[in-house]
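Protein chains get the first letters and strands the later ones, always in sequence-line order, with residue 1 at the start of each.
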Amino acid sequence: MNQEIIQRLKAQFPDSIEESDEFRDDLTLRVKTEDIVKVCNFLKNDHELAFDMIVDLCGVDMYRPEGRFEVVYNLYSLKKKKYLRLKILVDEDNPIVDTVSVVWSGANWHERETYDMYGIKFKGHPDLRRMYMPEDFEYFPLRKDFPLMGIPDSLPLPRK
Amino acid sequence: MGLGSLQHDGFMTTRLDKVINWARKNSLWPMPMGISCCAIEMMATAGPRFDISRFGSEVMRFTPRQCDVMIVAGTVTYKMAKVVRKIYDQMPEPKWVISMGACASSGGMFRSYPVVQGIDLFMPVDVFVAGCPPRPENLLRALLELQKKIEKERTIGKLVHGERIHIPETGATEGASTSA
């Protein structure tokens with residue numbers, strides 16, 4: 001099944017799949033950042049694969065000079081009972097990725113959460129507001145350079 | 001006629017403060033500020049086994065306008081702190097606060113950026129309850145401690161001697177901050 005997924009994708013997008021990794025029958029693909037929406041669209045609408053559900057979408061801060069952030073897409077195909085993981089790299093200077101909420105609307109809140117925690121912006125997202133933190137909060141708490149106890153005075157408390 | 005003779009006819013003499021405090025302490029209507037798992041124990045306290053109504057506090061009101069004591073049961077985040085404080089401000093005087101559990105009292109195990117490290121940083125607290133979550137007995141104990149505290153308060157004396165009841169400023173949610 002994993003080889004079939006790779007072959008079908010490579011036939012369609014010869015340059016988009018940069019790397020593949022298999023661990024205990026779980027397939028992870030590294031996708032070219034610019035091509036994520038078109039790959040996702042194909043994965044969802046292809047009759048053989050039919051990855052019709054986005055289980056999770058999250059960010060990772062690798063804290064390295066090149067390609068600091070990753071966005072991870074966990075997909076599931078109800079038809080094939082098969083999981084698939086996609087990863088893309090995001091630069092620190094220009095943390096903008098195309099939204100996949102146009103493909104699966106379930107990605108809407110996941111992308112908002114990723115934006116809230118890592119500051120990765122999703123281009124074309126219908127409503128990219130913060131998810132957990134107050135809207136006027138200026139930092140991104142799950143970045144590795146954010147201190148555990150927060151930035152002093154960044155979150156106002158009511159006066160006693 | 002001395003006061004002593006009255007007592008035989010079903011009368012007693014006492015201070016007005018005492019009567020008012022007696023009435024207040026035995027009908028503390030709680031504001032159930034249940035914001036996480038402590039709320040489950042608070043509900044158990046209200047149930048038949050532990051039965052908070054034995055102490056006159058069974059009337060959980062979901063409008064702050066009718067409440068006397070706020071039971072803050074759960075983790076208070078910075079985002080939620082504004083809401084908790086607003087509801088506290090909407091409760092009429094006299095009012096008291098029970099901080100139930102480790103999270104509300106000190107941030108508990110959540111020593112991290114979004115959680116307020118103790119609700120006493122932004123509102124007054126009368127009784128702190130230890131536990132994670134506290135057993136219902138522990139919450140009842142807190143209520144009894146609060147009743148003892150209320151017994152000693154000055155009520156009518158405050159008015160007679162011109163002491164003003166403290167009314168917190170309204171709209172006091174902006175500006176102040178804490179170093180986390």
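Partners of A:T114 by side-chain hydrogen bond (donor to acceptor under 3.5 Å, both in side chains), not counting sequence neighbours: none found.
Residues A:M133 and B:K79 form no side-chain contact, since every pair of their non-hydrogen atoms from C-beta on lies 4.5 Å or further apart.
Shown here is A:K79, whose NZ atom has more than 12 heavy atoms of other residues, nucleotides or ligands within 6.0 Å. The number of heavy atoms from other shown groups lying within 6.0 Å of CE (B:M109) does not exceed 12. Around atom NZ of A:K121, no more than 12 heavy atoms belonging to other residues, nucleotides or ligands sit under 6.0 Å away. Within 6.0 Å of atom CZ in B:R61, more than 12 heavy atoms from other residues, nucleotides or ligands are found, so the atom counts as buried in its surroundings. Few gaps surround CZ on B:R54; more than 12 heavy atoms of other groups in view lie less than 6.0 Å from it.
Using a 4.5 Å cut-off between heavy atoms, A:F137 makes no contact with chain B at all. For a residue to count as touching a neighbouring chain, one of its non-hydrogen atoms must lie under 4.5 Å from one of that chain's; by this rule B:V116 touches chain A with the side chain only.
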Exercise. Please report the C-alpha distance between A:R159 and B:R85 in whole Å, then the side-chain angles of each, then the deciding distance to 0.1 Å, and finally whether the side-chain contact (heavy atoms from CB on, under 4.5 Å) criterion is met.
Key: CA-CA 9 Å; A:R159 226 177 303 150; B:R85 177 66 204 214; over 6 Å; no
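Here the shortest heavy-atom pairing between A:P156 and B:Y78 reads O-CD2, 4.3 Å. Smallest separation of non-hydrogen atoms from B:A81 and A:P158: O-CG, 3.8 Å. Minimum heavy-atom separation, B:Y113 to A:L155: O-CD1, 3.7 Å.
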